[in-house]
Each structure stands twice: as C-alpha cells, then as structure tokens.
Participant: 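I'd like to ask some things about the structure below.
In the text below, chain A, chain B and the rest are named by the order of the sequence lines, each starting its count at 1.
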Amino acid sequence: MSEDNLKSEFLKTISERGFIHQCTAIEELDTQLSKEKISAYIGFDCTADSLHVGSLVSIMLLRWLQKFGHTPIVLMGGGTTKIGDPSGKDEARQLLSSEGIHKNMMGIREVFTKYIDFTDNIKNPGFMVNNADWLDTLNYIGLLRDVGRHFSINRMLTFDSVKLRLEREQNLSFLEFNYMILQSYDFVELNKRFDCTLQMGGSDQWGNIVSGVDLGRKMGADQLFGLTTPLITTASGAKMGKTANGAVWLNEARLSAYDYWQFWRNTEDNDVGKFLKLFTELPMSEIAKLESLEGAEINEAKKVLAFEATKLCHGEEAALNAQKTAENVFEKGNTDQDLPTKILNKEAQSLLDILVEMELCKSKGEARRLVQQGGVKLDDKALDDTTKEIVSSDFDGKETIKLSVGKKKHVLLKKG
RNA sequence: GGAGGGGUGGCAGAGCGGUCAAAUGCAGCGGACUGUAAAUCCGCCGACUUCGGUCUACGUAGGUUCGAAUCCUACCCCCUCCA
C-alpha cells in the first residue's frame with residue numbers, strides 16, 4: 001500500500017503532487033499503469049451549467065492522466081442526476097428535468113474542453129459519455145436480478161453516505177438509496193464498453209467507487225481499481241471555493257477571468273504550496289522554490305499560482321490581462337480599462353442604485369450601510385453621503401472614475 | 001394504521017401571548033492593523049425609506065385576542081416508537 005516506490009509515471013506524479021487520498025490495490029494498479037495505457041473515468045453531476053473549483057482537483061487529475069498517455073473518460077451523470085447523490089448532503093436535492101440536465105451538460109462540456117483534449121489529433125483523445133445512455137432504458141426486474149442481488153443492504157447501511165443520514169435523522173429516500181447501485185453499475189458498464197478499469201473521484205465518492213469495484217468482481221468484469229482525491233480545504237479549515245460573490249465558477253460567463261485570477265491571488269499563505277502542486281503544472285522543483293518564500297515575498301508565489309491557474313482555465317492572454325489589471329489596480333492604485341464598466345447616461349445618477357446595479361451590493365439597504373461605514377470609495381476617497389448622486393463634476397475632467405467597495409471590489413464609471 | 005416529538009433568518013439553535021426583525025454561535029460584509037495572507041480588535045448583517053417610519057417574515061391556510069413565532073383548528077412535511 002505504500003506510495004513511496006511507485007513505478008508508473010502517472011501515479012508517481014499525482015502522488016507527489018498530493019492527489020491521492022485512498023486507492024484500492026495500489027500496487028496492482030501501479031503495475032498495470034506501467035505496463036499499458038488504460039482508460040479511467042470520473043463522473044460529474046449535471047446539477048449546474050458549469051463546474052466550480054471544487055471539481056478542479058478531479059479535472060486536473062484527468063488532465064494528468066491524459067498527459068501520461070492514458071485515456072480520460074468524462075462521465076456525465078445525465079442518468080444519475082435524476083436520482084441525486086446522497087453523499088455529503090443533508091437533504092435530498094431537487095430533482096432536475098431532462099431539459100435542465102441537458103442544458104447543464106452542454107455547459108460542463110465547454111469547461112472540459114479547456115482541460116482535456118477531445119480532438120482526434122492525438123492517440124488518446126478524451127471523450128465524454130452520458131450514463132443516461134444505458135441507465136434510462138434499464139429494466140427494473142432485470143436490474144434487480146443482475147445487479148441488485150450483488151448488493152447487501154447490511155453493507156450499504158454502513159456506508160457513510162447512508163449512515164450519516166440515518167444518524168442525523170434526515171430522511172433518505174429509496175430513490176437516493178439506489179444511487180450507489182447505479183454508480184456501481186456505471187463502472188461495470190464503462191468497463192464493458194470501453195475497457196475502463198479505473199474510477200477516480202473525490203474522497204466523498206469512496207463508498208460508491210468501492211462498490212463499483214466490488215460489483216465488477218462479482219459480475220465477472222476485469223479487475224477494477226478506485227482512487228480518490230482528498231477533500232481540499234484551506235489552511236483555516238474551510239472548504240475551498242467560496243468568494244465574496246459565491247462559488248468560483250470555471251466558465252467566463254459565470255465568473256470573469258479577472259475574478260478567477262483574484263481568487264487564486266487571495267490564497268492563504270499556508271495553502272500556496274499545496275495549490276501550486278494541485279492546480280498548476282509547474283515542475284516540482286520550481287514549486288519547492290516558490291514555496292520557500294516567506295513573509296511578503298510569498299505574494300510572488302501567489303501571483304505565479306494565479307497566473308498558471310488562470311492560464312489553464314481561460315488561456316494565457318486572459319491570464320496576462322488579469323494580472324496586468326490587478327497590478328494597475330492594487331500596486332499602482334490606478335484605474336484600469338479591464339475593470340467592469342458602467343456607462344452613465346443620465347446627468348445625475350444615484351450612488352446607491354449604481355452600487356446595486358453593478359452587483360457590488362445586494363440591496364440598497366446594504367449599500368447605504370456600506371457608505372455609512374466608510375466602505376465605499378470614489379477614486380480612493382471615502383464617501384459618507386448616502387444620498388449622493390454621481391454628476392459630471394465628480395469626473396473632474398477625467399474620462400472615467402473608479403468606484404470601490406472595500407479593498408478588492410472595483411468598478412469603473414464612464415460618462416455616457 | 002396507532003402513540004409521541006418536531007418544522008424559526010445562509011446554517012446550527014434559543015424564544016413559547018406584548019419589551020421580537022426574533023438571543024447565541026458559525027458563515028458573510030465593512031473598518032483598523034498588514035503583504036490584495038492569516039490571526040486579532042471594532043462595527044454591521046430582512047426589504048424599502050423623505051431616517052420620522054413603512055412593509056414582508058418564525059411549514060401552509062384559517063381562527064381567538066386590543067395584540068400571536070408564541071394559544072386554537074385543519075392541512076402538508078419530517079423524526080421516533082408500536083403494529
């Protein structure tokens with residue numbers, strides 16, 4: 001079970017970069033991986049039309065897999081999303097319609113094309129499959145006889161996903177109880193169809209994955225393997241992936257490249273090394289150097305992290321732009337054309353309205369409070385008048401002025 | 001089917017006729033200190049407001065009362081035990 005003397009390049013790399021939490025039969029898997037190229041998959045829910053950084057560990061894992069010549073399979077949970085995974089959830093999720101699921105799948109696909117090569121130009125192109133393709137047409141009796149008989153209720157009750165619900169006195173519907181069976185079946189089906197022998201996923205998926213491995217053995221599939229990634233938390237213990245504005249999405253429409261860059265730039269000191277290993281492809285030697293920076297110097301490492309992570313997600317150009325904008329705004333205190341801009345068409349426009357409209361505040365009450373507390377600045381001068389209107393004299397002859405909330409949220413105002 | 005317990009703000013969890021826009025903790029936001037970090041301290045944290053107030057909220061719908069998150073009735077949902 002040791003991770004120290006791995007032979008395969010893939011496992012060696014992901015191990016030293018901190019991707020491995022648990023793994024079944026790691027030695028056999030290592031042997032297989034060093035002998036031949038395999039196919040491996042990770043399943044993704046279609047509960048939203050984009051993915052956020054919470055899934056980024058999995059995405060990077062598939063990327064590494066492809067880099068080492070193996071074939072990454074992205075399994076879209078078009079079928080299982082209709083069920084809802086109870087793992088890690090206190091309450092049953094709302095069920096989604098087929099149309100909603102389809103729309104979400106399209107959005108997620110877009111995110112993946114940035115990390116995985118799906119084109120035929122290489123010998124191991126990745127591909128996406130939708131488990132609705134086989135789950136939708138399953139026959140109940142058939143499933144029970146072929147698959148259901150291999151599952152022990154006694155055993156299922158011991159899995160965390162189920163146990164927690166029971167212990168916390170939260171309802172667990174039969175529908176959700178079946179999720180594990182379907183996910184296990186997915187694995188066997190993927191093995192049959194594409195010779196897929198490895199399922200990866202987050203540590204919360206361990207139970208589901210192990211079930212799949214078991215089911216494979218019982219149903220006479222090839223030997224299957226499972227590998228999970230650790231749950232990534234920040235050094236202060238919070239689940240990573242939240243910012244002022246909510247989840248950190250991976251598509252531009254949901255979160256701009258600039259905000260994405262900012263998210264990484266604001267990493268806690270103690271996380272920089274960990275994040276560089278997981279979310280960039282920089283060589284380990286370079287990461288070690290960056291990691292050893294101390295005090296204010298570690299900000300340089302954070303910039304590298306932000307640039308590399310943004311480059312992967314939004315491209316090099318967007319990453320450079322974000323970096324330049326940030327330098328202008330934070331280090332030089334200037335304004336920058338790349339900030340979100342609001343064009344003022346009216347002679348005088350209420351400050352509170354602008355704050356809400358530009359999503360700097362959720363309500364006018366909040367905006368008012370913010371002004372009273374000195375959190376709103378116009379060209380770095382704090383405002384204290386809640387009835388203020390922006391008029392042309394505020395521009396002081398300039399084309400644009402900068403409106404800020406707190407230290408990190410900035411917006412440009414422009415005369416219309 | 002029977003008996004009991006319960007549904008309160010993003011979450012957890014008090015309140016059990018007026019002093020309740022609802023204690024406390026967590027999360028979040030602003031300020032101070034800094035390095036766009038962490039920790040710490042201070043302030044805020046339903047909506048609207050001409051800052052006097054107004055409105056909407058304690059599962060849903062009615063009722064009692066001058067007054068209800070708090071009492072009554074019905075319904076919905078959840079939990080536990082029994083069958």
Participant: Rounding to an integer number of angstrom, what distance separates B/U80 and B/C75 when you compare their P atoms?
Facilitator: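 To the nearest whole Å, 23 Å.
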Participant: Given the C1' atoms of B/A12 and B/C58, what is the spacing between them in whole Å?
Facilitator: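 Between the two C1' atoms, the distance is 16 Å.
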Participant: Would you measure the distance from the P atom in B/A61 across to the matching atom in B/G52 and give it in whole Å?
Facilitator: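 The same atom, P, in both gives a distance of 35 Å.
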Participant: A/K364 NZ to B/C29 C1': how many Å, rounded?
Facilitator: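 That distance rounds to 20 Å.
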Participant: Using a 4.0 Å heavy-atom cut-off, write out nucleotides 31-37 of chain B from 5' to 3' as B (base contacted by protein), S (sugar-phosphate only) or - (no contact).
Facilitator: SSBBBBB
Participant: Evaluate whether atom NZ of A/K114 has more than 12 neighbouring non-hydrogen atoms of other residues, nucleotides or ligands under 6.0 angstrom away.
Facilitator: yes
Participant: Round to a whole Å and report the spacing from CG of A/L370 to C1' of B/C45.
Facilitator: 11 Å
Participant: Please give, in whole Å, the distance from B/G9 C1' to A/K362 NZ?
Facilitator: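 That distance rounds to 13 Å.
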Participant: Can a side chain N or O of A/T386 be found less than 4.0 Å away from OP1 or OP2 on B/C51?
Facilitator: no
Participant: When you compare B/G18 with B/A23, how far apart are their P atoms, in angstrom units rounded to a whole number?
Facilitator: 16 Å
Participant: Specify the separation, in whole Å, of atom CG of A/D353 and atom P of B/C48.
Facilitator: 10 Å
Participant: Considering every strand shown, what is the Watson-Crick or G-U wobble mate of B/A57 when both distances are under 3.5 Å?
Facilitator: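 None - no nucleotide pairs with B/A57, as no candidate has both distances under 3.5 Å.
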Participant: Rounded to whole Å, please give me the gap between CG in A/D385 and C1' in B/U50.
Facilitator: 14 Å
Participant: Salt-bridge test for A/D380 and A/K377: reply yes if a basic N is under 4.0 Å from a carboxylate O, no otherwise.
Facilitator: no
Participant: Could you tell me how far B/A47 sits from B/A57 if I compare only their P atoms? Round to whole Å.
Facilitator: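 About 15 Å, rounded to a whole number of Å.
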Participant: Applying a 3.5 Å limit to both distances, which nucleotide forms a Watson-Crick or G-U wobble pair with B/G67?
Facilitator: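 For B/G67, the partner nucleotide comes out as none, under the 3.5 Å rule.
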Participant: Quick one: are the ring centres of A/F330 and A/H410 less than 6.0 Å apart?
Facilitator: yes
Participant: Tell me whether A/K303 is salt-bridged to A/E331, with the criterion being a basic N under 4.0 Å from an acidic carboxylate O.
Facilitator: yes
Participant: Any salt bridge between A/E327 and A/K324, counting N to O under 4.0 Å?
Facilitator: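 No salt bridge links A/E327 with A/K324.
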Participant: For B/C66 versus B/A14, give the span between their C1' atoms, rounded off to a whole number of Å.
Facilitator: 28 Å
Participant: Where does B/G52 land, syn or anti, once you apply the within-90°-of-0 test for syn?
Facilitator: syn
Participant: Does a side chain donor of either A/D30 or A/S8 reach within less than 3.5 Å of an acceptor in the other side chain?
Facilitator: yes
Participant: Is the backbone of A/G226 close enough, under 3.5 Å, to the side chain of A/T24 for a donor and an acceptor to pair up by distance?
Facilitator: yes
Participant: Taking the P atom in each of B/G59 and B/C16, what is the distance between them to the nearest angstrom?
Facilitator: 16 Å
Participant: With a 3.5 Å limit on both atom pairs, tell me what B/C81 is paired to, counting Watson-Crick and G-U wobble, or say none.
Facilitator: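 For B/C81, the partner nucleotide comes out as B/G2, under the 3.5 Å rule.
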Participant: What is the distance, rounded to the nearest whole Å, between atom CD of A/E359 and atom C1' of B/G28?
Facilitator: 17 Å
Participant: So, A/R369 and A/E366, do they make that salt bridge, N to O below 4.0 Å?
Facilitator: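 Looking at A/R369 and A/E366, the cut-off is not met.
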Participant: Would you measure the distance from the C1' atom in B/C26 across to the matching atom in B/G13 and give it in whole Å?
Facilitator: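 These two C1' atoms come out 11 Å apart once rounded.
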Participant: Kindly say if A/R369 contacts the phosphate of B/C48, meaning a side-chain N or O under 4.0 Å from OP1 or OP2.
Facilitator: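 The answer is no; no side-chain N or O of A/R369 sits under 4.0 Å from OP1 or OP2.
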Participant: Quick one: look up who B/G30 pairs with, Watson-Crick or G-U, both distances under 3.5 Å, and put none if it's unpaired.
Facilitator: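 B/C42 - that is the nucleotide pairing with B/G30, both distances being under 3.5 Å.
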Participant: Any strand counts, and the cut-off is 3.5 Å on both contacts for Watson-Crick or G-U wobble. Which nucleotide pairs with B/C16?
Facilitator: none
